[in-house]
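Please read the structure below before turning to the comments.
Atoms within each ligand, like the ligands themselves, are counted from 1 in listed order.
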Amino acid sequence: MQEKDHIFAAPIDRLGDFCFDHKVADVFPDMIKRSVPGYSNIISAIGMMTARFAQPHTQLYDLGCSLGAATQEMRRNLNQPGCRIVAVDNSAAMVERARNHLAAFRSDVEVELLEADICDLTIENASVVVLNFTLQFIDPALREVLLGNIYAGLKPGGVLILSEKFVSADDTVNELLIDLHHDFKRANGYSELEISQKRTALENVLRPDSPEQHKARLKRLGFAHVDMWFQCFNFGSMVAVK
Ligand SMILES: C[S@@+](CC[C@H](N)C(=O)[O-])C[C@H]1O[C@@H](n2cnc3c(N)ncnc32)[C@H](O)[C@@H]1O
Ligand SMILES: O=C(O)C(=O)C[C@]1(C(=O)O)C=C[C@@H](O)C=C1
């Protein structure tokens, strides 16, 4: 049975920064499904893009893999010989649970699960790289270097799938999208207290960029084709092909 997310349901005295600890890892599937509009569509599309972009004898990366939802979808859709998936997260609680989660499925595809900081990782011989709601948690000053490492490690024709929470450059639209996201959370059973406490806890740790900032940076780094393929409110996913 999957646990329900009640983490911010009661008033918290000294509300600290949000972090991916045991409490969050225990309820993560419920939390992300009720918090991120379009999450399950994005996971399915990661599988579809894996089928199109995976190249024989290459590596596929799931960076900030949490419990391995994207890894599992990539593994299910891999149709090329000699590929392996490298799934990485720096939260011990997430990696421990990802190990159990991934072991529950039968598959011939090798998955290397690493507890590591993705900023310290060497990316090589890659055909598919997934950053599914992870870059937003990386120090903004380190984002360009990380994306540059990904670009360098991708083979020509390789793809980066980058899903993020966005900030809109237009203040009025930005407020509208945030309000609509909160409506989405209310409709999924979150209370006003849960919404506001989580918002405060995320303030210093989830720093969103605008779609324009993302596109400009990916282009600057050399990606040949960059665009948004999905957006719902202030959440979305981009595709960048080398
Ligand atoms: C919103 S979750 C990602 C969800 C996941 N990709 C999925 O599709 O279900 C963000 C994850 O990024 C991880 N993370 C944040 N900073 C990281 C870093 N520097 N290195 C590795 N993992 C990181 C967190 O521990 C967390 O599990
Ligand atoms: O709940 C929110 O407001 C979010 O921003 C959602 C979000 C995310 O985008 O990663 C934040 C933290 C949790 O990991 C799950 C989802």
Test salt bridge (charged side-chain N to carboxylate O under 4.0 Å, His left out) on K23 and D26 and set out the steps. CA-CA 5 Å; K23 273 199 288 188; D26 282 343; over 6 Å; no
Under 4.0 Å from a heavy atom of S91: give me the atoms of ligand 1 that qualify, with their elements. 25 (O)
Starting from atom 5 (C) of ligand 1, what is the nearest protein heavy atom, named by residue and atom, and what distance separates them? G64 O, 3.5 Å
Within 4.0 Å of some non-hydrogen atom of M94, the atoms of ligand 1 are 27 (O)
Identify the closest protein heavy atom to atom 25 (O) of ligand 1: which residue and atom is it, and at what distance? D89 OD1, 2.6 Å
Which of E73, M74, R75 passes side chain to side chain contact (heavy atoms under 4.5 Å, CB included) with N77? Answer is E73
Relative to ligand 1, is L63 under 4.0 angstrom through side chain, backbone, both or neither, heavy atoms considered? neither
Identify, for atom 2 (S) of ligand 1, the protein heavy atom at the shortest distance, and state residue, atom and that distance. S66 OG, 3.2 Å
How far is atom 9 (O) of ligand 1 from its nearest protein heavy atom, and which residue and atom is that? Y39 OH, 2.6 Å
Kindly say whether S191 contributes a backbone atom to a donor-acceptor pair with the side chain of E194 at under 3.5 angstrom? yes
Record the part of I138 in heavy-atom contact with ligand 1 below 4.0 Å; permitted values are side chain, backbone, both and neither. side chain
Starting from atom 8 (O) of ligand 1, which protein heavy atom do you reach first, and at what distance in Å? N132 ND2, 2.9 Å
Which ligand 1 atoms does I43 reach within 4.0 Å, using its non-hydrogen atoms? 8 (O)
Please say yes or no: joined through hydrophobic side-chain contacts below 4.5 Å, possibly via intermediate residues, are I46 and V86 part of one cluster? no
ILVMFWY network linking V109 to M49, side-chain heavy atoms under 4.5 angstrom: yes
Compute the shortest N/O to N/O distance between Q136 and ligand 1 and return yes if it is under 3.5 Å, no if not. no
Subset of ligand 1 atoms that lie under 4.0 Å from at least one heavy atom of A116: 20 (N), 21 (C)
Give every pair formed by an N or O atom of ligand 2 and a protein N or O atom closer than 3.5 Å, one pair per line with both atom names and the distance to 0.1 Å, or write none.
{"unit_1": "ligand 2", "atom_1": "1 (O)", "unit_2": "K185", "atom_2": "NZ", "d": "2.7"}
{"unit_1": "ligand 2", "atom_1": "1 (O)", "unit_2": "K198", "atom_2": "NZ", "d": "2.8"}
{"unit_1": "ligand 2", "atom_1": "3 (O)", "unit_2": "K165", "atom_2": "NZ", "d": "3.2"}
{"unit_1": "ligand 2", "atom_1": "3 (O)", "unit_2": "K185", "atom_2": "NZ", "d": "3.0"}
{"unit_1": "ligand 2", "atom_1": "5 (O)", "unit_2": "K165", "atom_2": "NZ", "d": "2.8"}
{"unit_1": "ligand 2", "atom_1": "9 (O)", "unit_2": "Q136", "atom_2": "NE2", "d": "3.1"}
{"unit_1": "ligand 2", "atom_1": "10 (O)", "unit_2": "Q136", "atom_2": "NE2", "d": "3.0"}

Of all the atoms in ligand 1, which lie at a distance below 4.0 Å from a heavy atom belonging to F133? 1 (C), 2 (S), 3 (C), 10 (C)
Would you say L218 ends up clustered with L131 if hydrophobic residues are merged whenever their side chains have heavy atoms under 4.5 Å apart, either directly or through other cluster members? yes
Within one Ile-Leu-Val-Met-Phe-Trp-Tyr cluster: V128 and L63, side-chain cutoff 4.5 Å: no
Just jot down the ligand 1 atoms closer than 4.0 angstrom to any heavy atom of D117, in number order. 18 (C), 19 (N), 20 (N)
Taking both backbone and side-chain atoms of I118, is any N or O found less than 3.5 Å from an N or O belonging to ligand 1? yes
For the ring pair F166 and F235, is the centre-to-centre distance below 6.0 Å? no
Could you tell me whether the side chains of D117 and N90 share a donor-acceptor contact shorter than 3.5 Å? no
Considering non-hydrogen atoms only, spot the tightest contact between Y190 and M31 and give its length. OH-CA, 3.6 Å
Think K165 forms a cation-pi with F133, using NZ or CZ under 6.0 Å from the six-ring centre and within 45 degrees of its axis? no
Minimum distance, heavy atoms only, to atom 18 (C) of ligand 1: which one of L131, V24, V130, N90 is it? N90
Is the F18 ring parallel, tilted or perpendicular to the F20 ring (thresholds 30°, 60°)? perpendicular
Say whether F105 and L78 are linked into one hydrophobic cluster, either directly or through other cluster members, by side-chain heavy-atom distances under 4.5 angstrom. no
What verdict does the salt bridge (charged side-chain N to carboxylate O under 4.0 Å, His left out) test give for R84 and E112, after you've listed the backbone C-alpha separation in whole Å, the side-chain angles of each residue and the deciding distance to 0.1 Å? CA-CA 8 Å; R84 64 199 289 273; E112 184 181 7; 2.8 Å; yes
